[in-house]
Amino acid sequence: MVENPTQKDILQFVRPHLRGFKPYSSARSLHKTGVLLDANENATNLYSTELPLNRYPDGDNIALRTELGAAAGLRMEQVFAGNGSDESIDLLIRIFCGPDDAILICPPTYGMYTVSARFQNTQIVEVPLLPETFALDVPAIQAALAAHPEVKLVFLCSPNNPTGQVMDTEAMLEVIRNTDRPVVVDEAYVEYTGTNGLADYLATDSNLILIRTLSKAWALAGCRIGYCYAPAALIALMQTVKSPYNLNQMTTRMALSALRMREEMLTALRFTLSERERLIQTLKTVPAVQKIYPSDANFLLVKIPNATALQAQLVERKIIVRDRSMEHGLMDCLRISVGAPAENQFLVKTLKELTR
Ligand SMILES: Cc1ncc(COP(=O)(O)O)c(C=O)c1O
């Protein structure tokens with residue numbers, strides 16, 4: 001494995017008008033205690049005896065960033081916490097990309113990279129994953145980066161949604177180490193891999209940005225907490241560009257409680273993994289199923305004839321799965337989340353009936 005001793009300056013790719021950007025200075029970032037007469041808040045806490053909900057929350061999200069950092073041996077300054085990982089995706093694109101810039105993505109992959117780029121009128125350079133194995137096409141990525149200097153941000157996703165598999169670490173490192181441009185690795189499903197993902201490489205690879213979430217293994221999709229590990233200088237900029245109070249007190253309280261329940265999270269995760277295995281085995285008994293792709297996440301990509309029509313029929317039976325057939329290389333593929341045991345059994349029974 002190549003070691004990378006060089007410090008890369010990813011801030012050179014920040015949109016020029018954001019360099020040295022002066023943030024809105026929010027009241028609760030400046031002062032958190034004292035006789036607080038600075039933010040036109042209501043002095044009475046009407047609804048909660050537990051949380052001072054009449055006060056704005058800590059705009060710096062210090063407690064949560066500290067905890068999220070500690071989980072990976074990082075300082076609070078290397079952590080951004082936001083409203084789902086979608087906030088990190090959106091902020092990163094806004095920081096690095098305008099209409100003359102581009103992001104590079106490897107389809108089929110998570111759709112929000114494209115959507116957030118389109119919000120900024122940012123271009124999208126696509127380097128498809130290799131057919132069927134869904135591995136990164138590293139030479140094609142290198143060629144695209146060389147041909148497109150307008151690419152300011154690269155998105156990799158591991159485990160990848162909707163294909164479900166982790167990307168090869170060496171392949172990701174090759175991409176990261178052969179460019180100075182920032183490379184985001186979206187690790188929304190990393191807990192299901194039982195590994196640290198690329199967290200250990202944050203120390204050596206200064207153009208690496210990791211995105212994670214409490215929405216999946218931590219079972220807090222309803223709370224909207226995502227986070228990002230990145231070099232401190234970039235995190236400082238994200239803190240500047242985000243909306244002043246992007247996380248509310250209740251969400252933060254819930255996230256902090258959840259992070260203290262790591263053992264419970266791991267127990268639930270092991271259950272999901274065993275259910276995933278059971279679902280694979282029972283799906284194999286459905287004659288119409290042509291292929292179940294290997295998964296390192298909490299969902300399966302399944303190839304089955306007439307997937308689009310089948311998805312609609314499943315909806316009629318109140319079973320909702322995602323048809324991914326329109327995506328690159330995913331003809332007749334459904335993405336199926338691992339549900340509760342009874343839900344999985346109902347799905348397989350219904351699939352058998354509909355494809356008989
Ligand atoms: C790869 C990937 N990244 C990010 C997200 C968004 O997660 P969050 O709920 O944190 O916004 C998802 C959600 O499905 C995802 O699959």
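Counting starts at 1 for both ligands and their atoms, following the listed order.
Between F134 and Y293, the angle of the ring planes lies from 30° to 60°, which puts this pair in the tilted group. Between Y110 and Y113, the ring-plane angle classifies as perpendicular under the 30° and 60° cut-offs.
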Expected list for residues 257-268: side-chain donor-acceptor pairs under 3.5 angstrom, two or more places apart:
| residue | atom | partner | partner atom | Å |
| --- | --- | --- | --- | --- |
| S257 | OG | R253 | O | 2.9 |
| T267 | OG1 | E263 | O | 2.9 |

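Annotation: side chain to side chain donor-acceptor pair (under 3.5 Å) contacts of H148 (sequence neighbours excluded): E150. The side chain to side chain donor-acceptor pair (under 3.5 Å) test applied to D332 returns no partner, not counting sequence neighbours.
Judged by the 6.0 Å and 45° rule, R212 forms no cation-pi pair with Y227.
Near ligand 1, residues G84, S85, D86, Y110, C157, N161, D186, A188, Y189, T213, S215, K216, R224 come within 4.0 angstrom through at least one heavy atom.
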